[in-house]
Protein chains: 2
Amino acid sequence: MAVTVDVVVLTIRDDELQVLLVERGVEPFRGRLALPGGFIRAEEDAEPAARRELAEETALGGESLYLEQLRTFAAPHRDPRGRVVTVAYLAIAPDLPVPVGGTDARAARWQPVWSVLSRDVELAFDHAGIVEHGVDRARSKLEYTTLATAFCPEVFTMTELRRVYEVVWGVSIDARNFHRKVTNADDFLEPTGERRVLETGRPAALYRRGPARTLFPPMLRTAFPPVLPSDPDS
Amino acid sequence: MAVTVDVVVLTIRDDELQVLLVERGVEPFRGRLALPGGFIRAEEDAEPAARRELAEETALGGESLYLEQLRTFAAPHRDPRGRVVTVAYLAIAPDLPVPVGGTDARAARWQPVWSVLSRDVELAFDHAGIVEHGVDRARSKLEYTTLATAFCPEVFTMTELRRVYEVVWGVSIDARNFHRKVTNADDFLEPTGERRVLETGRPAALYRRGPARTLFPPMLRTAFPPVLPSDPDS
DNA sequence: TCAAAAGTGTTGTAGGTACACCCATGG
DNA sequence: CCATGGGTGTACCTACAACACTTTTGA
């Protein structure tokens, strides 16, 4: 029985939640988009395998990349080549100027998640279902953890952090209440003391992630609207 | 690479959170206690494999048994026989008069989780760590889902349900506020109209699980005290 | 002086905790 | 009538949504 890892890497680009996909160079599903991933090596644990595949196929990586196990998919005929069980991982990346398109010479690219969830873009294997799980997990974890900061660069403004919630949840959030809430939560954010001057408007204070990993009290959100082509202001 | 399933079955017996363990009949770890589980068959998905192993080894089963995937453990040397990856499942069972000790003739028995977590009882492989994950998951899910009812028989009293929270979390809960809270949550409980007369005291109303699977607003619990030998009244 | 973005103050309300109090049964 | 457990009412407090208002910049 073969065991692989597949990674759902999420980021926010152009005010949309996007997922990292690679074009398959070999059969089956040659030319089709798929999640980055591959076989676990003989002396390798699953998480290192996920990090390695990500680095090889997409040039994304580093210790700082947030990575957690999602779940395992083991349906008997999910891979036409035979019995392949895959351990899926969820990664969250900031929208860095990342040279996507890795050393493995395979074309990697970002794709809006709504295009995958709506099946406008068809992925190889059962990868669309895996992306669905990843998005669900990310949406839930924003509620009760400080995961949102994983979408942000090392220093960021309050508005950037708020956009994470708005884009991932597909809702609009009152900037003023949000500000109070996250600054009151212990160890969520650390002010750098610096300010960023934008093209227009008052300069925004800059923050860095704090040591907290859970958020109490949690961000409450009554329901998840469906994932749609970017319209958080409805 | 071999793939197995292992199941953490939790229940409440004698006002303690207990886990179902089987005594290993073969090497490695012969005679040692372990989680029920075994190899996935060629044409079998992981969850059916978990249900089958549970039925074979512990005579526990049925469609009604709550079962969810926990996570996958794939450390290279977790099994001395060679490379074995295991998909761990979490099951929750009511304290039925279950004939534990299954058709497979292997001795199955309940063990208080604190004895496992404290390492007073040493389990085979990395199963102690898996139990730890299962307990953590159950404790978290009581907060924001209706999972607590899975510990109860089909009809139950308010006090039985409250004992679930008290035992799993190791805290004491105000009976009066708890009553209001769960009766206000939509579709959590359905009153049967019946009452149960106990040895002493006013008869308690009987309830059945409602259709709700999530709990809103969630049960809040500021912190998890460590799992100890049964003392929820501290 | 205006537009735009950042940030504060205030008010109404929902839901939480703590606890006094009443209800129904067996002995 | 008392002990025991079931269930309601109420006061107080915290946290959140809504929204008016002030601050700081570039053009």
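In the text below, chain A, chain B and the rest are named by the order of the sequence lines, each starting its count at 1.
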- Message: Pick the closest DNA chain D nucleotide for A/Asn177 and for B/Thr200 by heavy atoms, then say which residue is nearer the 5' end.
- Response: B/Thr200

- Judged by nearest nucleotide, the residue sitting upstream toward the 5' end of DNA chain D, B/Arg195 or B/Gly201, is B/Gly201

- Message: Rounding to an integer number of Å, can you tell me how far B/Leu161 CG sits from D/dG7 P?
- Response: 12 Å

- Task: Output the distance between atom OH (A/Tyr144) and atom CZ (A/Arg213), rounded to the nearest 0.5 Å.
- Result: 14.5 Å

- Query: So, does the side chain of A/Arg202 form a donor-acceptor pair with the base of C/dA5 at under 3.5 Å?
  - Reply: no

- Interatomic distance, B/Ile130 atom CD1 to B/Leu123 atom CG [nearest 0.5 angstrom]: 9.5 Å

- Query: How would you label the contact of B/Asp174 with the nucleic acid (heavy atoms, under 4.0 Å): base, sugar-phosphate, or nothing?
  - Reply: base

- Message: In whole Å, I'd like the distance from the CG atom of A/Asn184 to the P atom of C/dG7.
- Response: 14 Å

- Task: Whole angstrom is fine here: how far is it from CZ in B/Arg163 over to P in D/dG6?
- Result: 11 Å

- Query: Out of D/dA18, C/dG7, C/dA20, which has the shortest distance to the side chain of B/Arg176?
  - Reply: C/dA20

- Task: Round to the nearest Å and state the distance from A/Ile173 atom CD1 to D/dC19 atom C1'.
- Result: 17 Å

- Query: Quick one: is C/dA6 close enough that its OP1 or OP2 comes under 4.0 Å of any side-chain N or O from A/Thr159?
  - Reply: yes

- Message: For A/Phe73 and A/His133, take the angle between the two ring planes, folded into 0 to 90°, and tell me which bin it lands in: parallel under 30, tilted 30 to 60, perpendicular over 60.
- Response: perpendicular

- Query: B/Arg180 has an atom CZ; how far is it from atom P of D/dA11, in whole Å?
  - Reply: 13 Å

- To the nearest Å, give me how far apart CG (B/Leu220) and P (C/dG15) are. 12 Å

- Item | From CA spacing to verdict: side-chain contact (heavy atoms from CB on, under 4.5 Å), A/Glu194, A/Val155 | CA-CA 10 Å; A/Glu194 306 290 305; A/Val155 296; over 6 Å; no

- Passing candidate, salt bridge (charged side-chain N to carboxylate O under 4.0 Å, His left out) with B/Glu132, options B/Arg139, B/Arg137, B/Arg119: B/Arg119

- Taking atom OH of A/Tyr66 and atom NZ of A/Lys141, what is their separation to the nearest 0.5 Å? 3.5 Å

- Message: Under 4.0 Å, counting only non-hydrogen atoms across every strand here, what does A/Ala205 touch: a base, just sugar-phosphate, or nothing?
- Response: sugar-phosphate

- Message: Between C1' on D/dG5 and CD on B/Glu166, what's the gap in Å once rounded to a whole number?
- Response: 14 Å

- Message: Under 4.0 Å from OP1 or OP2 of C/dA6: is there any side-chain N or O of A/His179 that close?
- Response: no

- Message: Determine whether B/Leu161 and B/Thr149 satisfy the following criterion, side-chain contact (heavy atoms from CB on, under 4.5 Å), listing intermediate values before the conclusion.
- Response: CA-CA 7 Å; B/Leu161 183 65; B/Thr149 58; 4.2 Å; yes

- Give me the residues of residues 144-157 of chain A where at least one heavy atom lies under 4.0 Å from an atom of DNA chain C, by number, or none. none

- What about B/Arg162, does its side chain sit under 3.5 Å from the base of D/dG6 through a donor-acceptor pair? no

- Separation of C/dG15 C1' from B/Phe178 CZ (nearest whole Å): 16 Å

- Query: Any ion pair linking A/Arg163 and A/Glu166 (charged N to carboxylate O, less than 4.0 Å)?
  - Reply: yes

- Quick note, A/Pro203 side chain, CB onward, closest among D/dG7, D/dT25, D/dA15 is D/dT25

